[in-house]
Asks: 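One structure follows; several queries about it will come next.
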Amino acid sequence: MKIPEEIPLEKKQAKQIRIAIIEGYTAHARSFPWKETQDPYKIWLSEIILQQTRTEQGLPYYLKITQKYPDIPSLAKAKEEPFLKDWEGLGYYSRARNMLAAARYMMEHHQGTFPNTYEEILALKGVGPYTAAAIASFAFGLRYPVVDGNVLRLFSRLFGITAPVDVASTVRAIRYIACTLMDDKTDPAIFNQAIMDLGASVCTPKQPKCTICPVRKYCRAYRDQLIDLLPVKSKTLKKKSLYYNYFYIPGHSGTFALTQRDSTAFWKKMYQFPLLEDNGKYSTISYLQKRISKEWNYLPNHLQPIAEEKQTLSHRHIHARLFVLDNFPPQNWQDNWLHTSVDDLTRLPLPKLMKTLIGRHLQIP
Ligand code: SF4
């Protein structure tokens, strides 16, 4: 097992690799609004939005949010529910909540301005070492290399690192290599943009584009045909499967039932149809009928799912069936069910899975 400290990185070769990375980037750099600004607030917004989100998908959200909340004070004043609605479709809603908390923290502790040291940026809620390094280098020109999953994969292949990249010692060592490559004459912002871009768009997890890679001639994985084997991970995350039965239940005057999720699990406080969750796999229809009868005091004669959808989150696969309970007795309406109109859907934050069920499978007028 080769660990990064064993990799000889001579000054001359470090310089060659650095030049190749930066030239490769500047020749094909794509322009995005967050690359054209040094405003730390906007850079922070873009970095948080782009965590777990593709650039093309994140761009309209970046434009909408910077227009609606142009600075720290306006974001700090935002209420959680409308902000989650603005965030709807991006997923990973804890990012949005952390941003609100961080904006309020900056109002309280930094007079509404963005902190300008790596340590203070790192102290903001929702900001880890990668995001702190990105903001510190892009907004303030500080020499902190960005090391995320893409960069770990790139460096693991480039330097033939066979130690697992998901253990702290390897991450530390790769950060050290990145520091060595980013010498004090290099613009940290350009260097970081370049390694992020190379890792994300050229040295991709599957079928990396080696033929156009600017560092191919230095790449040990390419030379030793190890590309498919690197990076090594010590453990592969096993995702848990959840089985949800959602119920579309019409109420009075064209309304239908929605409930608010609690604040303990994922999709905190977002809205969804009334739900009965199955354990391990979908239950049979007759069992589900009995559960409806027990929980909501109503026995539907006929029950068939009108749709099935699946959504994958970072730690879970959510399997969802959608049922319609047309003749639900009004007197059995549950206390925690909201009578929701179609107009309410424009203001209540919904998980993507709910939007899919509503948009694809229900003719809500
Ligand atoms: Fe990645 Fe291929 Fe470039 Fe090596 S040559 S760094 S494997 S894209």
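Any value given below was found using the heavy atoms of this structure, including those in side chains, with hydrogens, waters and symmetry copies removed. Both counts, for ligands and for their atoms, begin at 1 and track the order of listing.
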Asks: If you look only at distance, which donor and acceptor atoms sit under 3.5 Å apart when one is on a side chain in residues 101-113 and the other is two or more places apart or in another chain?
Replies:
| residue | atom | partner | partner atom | Å |
| --- | --- | --- | --- | --- |
| Arg104 | NE | Ala76 | O | 3.1 |
| Arg104 | NH2 | Ala78 | O | 2.6 |
| Thr113 | OG1 | His110 | O | 2.7 |

Asks: For this output row, return yes or no: ring centroids of Trp267 and Tyr93 closer than 6.0 angstrom.
Replies: no
Asks: Around atom 1 (Fe) of ligand 1, how many protein N, O or S atoms are closer than 2.8 Å?
Replies: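 Counting protein N, O and S atoms closer than 2.8 Å to atom 1 (Fe) of ligand 1 gives 1.
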Asks: Pairing donors with acceptors under 3.5 angstrom, does anything connect the side chains of Asn150 and Arg153?
Replies: yes
Asks: For Thr211, what residues pass the side chain to side chain donor-acceptor pair (under 3.5 Å) criterion, not counting sequence neighbours?
Replies: none
Asks: For the pair Phe159 and Phe155, name the ring-plane relationship: parallel under 30°, tilted 30 to 60°, perpendicular over 60°.
Replies: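 Ring orientation, 0 to 90° scale: perpendicular.
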Asks: Kindly list each side-chain donor-acceptor pair under 3.5 angstrom involving residues 289-306, sequence neighbours excluded, with atom names and distances?
Replies:
| residue | atom | partner | partner atom | Å |
| --- | --- | --- | --- | --- |
| Gln289 | NE2 | Pro300 | O | 2.9 |
| Gln289 | NE2 | Asn301 | O | 3.3 |
| Arg291 | NH1 | Glu277 | O | 2.7 |

